[in-house]
2 protein chains.
Amino acid sequence: MSIPKENTEKREVGRAGILKAAASLFRQYGYGAVSLRAIAEAAGIKAGSIYYHFDSKDAIVTEILDAGIVAVHEEARAAVLALPDDAAPEVIFRAAIRGHLRALLEHGDYTSANVRIFGQVPAAVRDANLPVRKAYEKYLDDLLSGLQASGAIREDVNLSRLRLLLIGALNATLEWFDPKQGGAEALADDYTEIFLNGIFNKTGVTP
Amino acid sequence: MSIPKENTEKREVGRAGILKAAASLFRQYGYGAVSLRAIAEAAGIKAGSIYYHFDSKDAIVTEILDAGIVAVHEEARAAVLALPDDAAPEVIFRAAIRGHLRALLEHGDYTSANVRIFGQVPAAVRDANLPVRKAYEKYLDDLLSGLQASGAIREDVNLSRLRLLLIGALNATLEWFDPKQGGAEALADDYTEIFLNGIFNKTGVTP
DNA sequence: GTCTATATCTGGATAGAC
DNA sequence: GTCTATCCAGATATAGAC
């Protein structure tokens, strides 16, 4: 998730500082509205100095996009792996949702920057981000596939469409989430309840 | 949904042509990437001529954003109103979902432009769009509230959170929807099934 | 109502000193 | 590794002819 041109193992405080500042600004204001001058100012340097670390604005945003997907992928994966071997299917599902939302809403700017600006960057930059995106999609598809094979998810559920529904609903929380009104975990549990059981009130529950 | 400064009742082919062309370009490429020169070219005129009809680029996008919300609001409302008086709760819910997705995925560029670029426009433009947004949100909240009061939606479902989940999941379909792989109606029915009943396989169905 | 021409500004990127 | 200074392209917006 970092593609320096040469001699990578350096201290790289300047480089990391630029990436961090850029991700925060991109997340807040979008790709087109953030200038290299603004990034430089937030990182505490001058605009021209950026070019010692990066070839272009696109090079910066390319790294940020990759880091964002990697972060959410790793957090979701870690949340599932932390479960006991005999965890119930709904617990596994909930853990993945929690990991995704924690990475998006609580940890760092890279993931939220990715969700916000992916649709705004040049096509070439989007294309460069596709491999890590596909890897995360495959992870989720495999997870859902396993849950369906074990009988936890109904057979008539189209899994790739379900994955798109889930990612769409989860990523959209970024637009309105307010940590002061309950954390990401509580939100994840609310959403999981609806995804698993729906909203419909089944009348005539067997007494 | 149109805020001309003076003498509105004119023919307005030029004006409408500019709005239509701009909405289409904004939907495809985002707000920042589309120049007035590109809009003018798509509308068949020169860039300078745009200023006869609009005061600024922001004035154009302001109208487009409002028109987008109005279109989805009206389509959802019409779909529900077209139902017989004794329509079942799940039929009402499905009709609203269908209307929203039809407006977003099949009818015109204004609604999809709104979803795509709302997060990219200047804050003042976003603020100007809030009243029509709030009106649509209120419509959905009232609809869901009625369904919950009648017992169709479980009492423990938080309605404002449900509304955010629904709009988020529905609007996200714009990013991947392909009309060649099934229309908006079929997609709406798939999503509705999950929203209503969830994905979880209830074992021990009463035989 | 649309044109041409242009003023003005901003942003990405480069060159070379330190 | 960061600075200053600057080039150049492209954008919004304006002025006035037609």
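Here is the naming used below: chain letters follow the sequence lines, and residue numbers restart at 1 for every chain.
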Could you state the atom-to-atom distance from CZ of B/Phe54 to P of D/dT14 in whole Å? 15 Å
Rounded interatomic separation in angstrom, taking CG from A/Leu36 and C1' from D/dC7: 16 Å
B/Arg77, CZ atom: more than 12 neighbouring heavy atoms under 6.0 Å: no
Between D/dG10 atom P and B/Glu41 atom CD, what is the distance in whole Å? 14 Å
C/dA13 C1' sits how many Å from A/Ile39 CD1, rounded? 14 Å
Between B/Glu175 and B/Arg116, is a salt bridge (Lys or Arg N to Asp or Glu O under 4.0 Å) present by the stated rule, with each step listed? CA-CA 9 Å; B/Glu175 302 299 325; B/Arg116 262 286 178 86; 3.2 Å; yes
From NZ of A/Lys57 across to C1' of D/dA9 the rounded distance in Å is 15 Å
In whole angstroms, how far is the C1' atom of C/dG12 from the NE2 atom of A/His53? 17 Å
Can you check whether A/Tyr191's main-chain N or O pairs, donor with acceptor, with B/Arg161's side chain at less than 3.5 Å? no
For B/Gln28, I'd like to know if atom CD has over 12 heavy atoms of other residues, nucleotides or ligands within 6.0 Å. yes
Look at atom OH of B/Tyr29 and say whether more than 12 heavy atoms of other residues, nucleotides or ligands are closer to it than 6.0 Å. no
Can you list every pair that meets side chain to side chain donor-acceptor pair (under 3.5 Å) and has a residue in residues 81-92 of chain B, with sequence neighbours left out? none
Contact residues, residues 43-51 of chain A to DNA chain C [heavy atom, < 4.0 Å]: A/Gly48, A/Tyr51
Can you find a donor-acceptor N/O pair under 3.5 angstrom joining the side chain of B/Arg37 to the base of D/dG10? no
Closest to the B/Tyr52 side chain, choosing from D/dT2, C/dG1, C/dG12: C/dG1
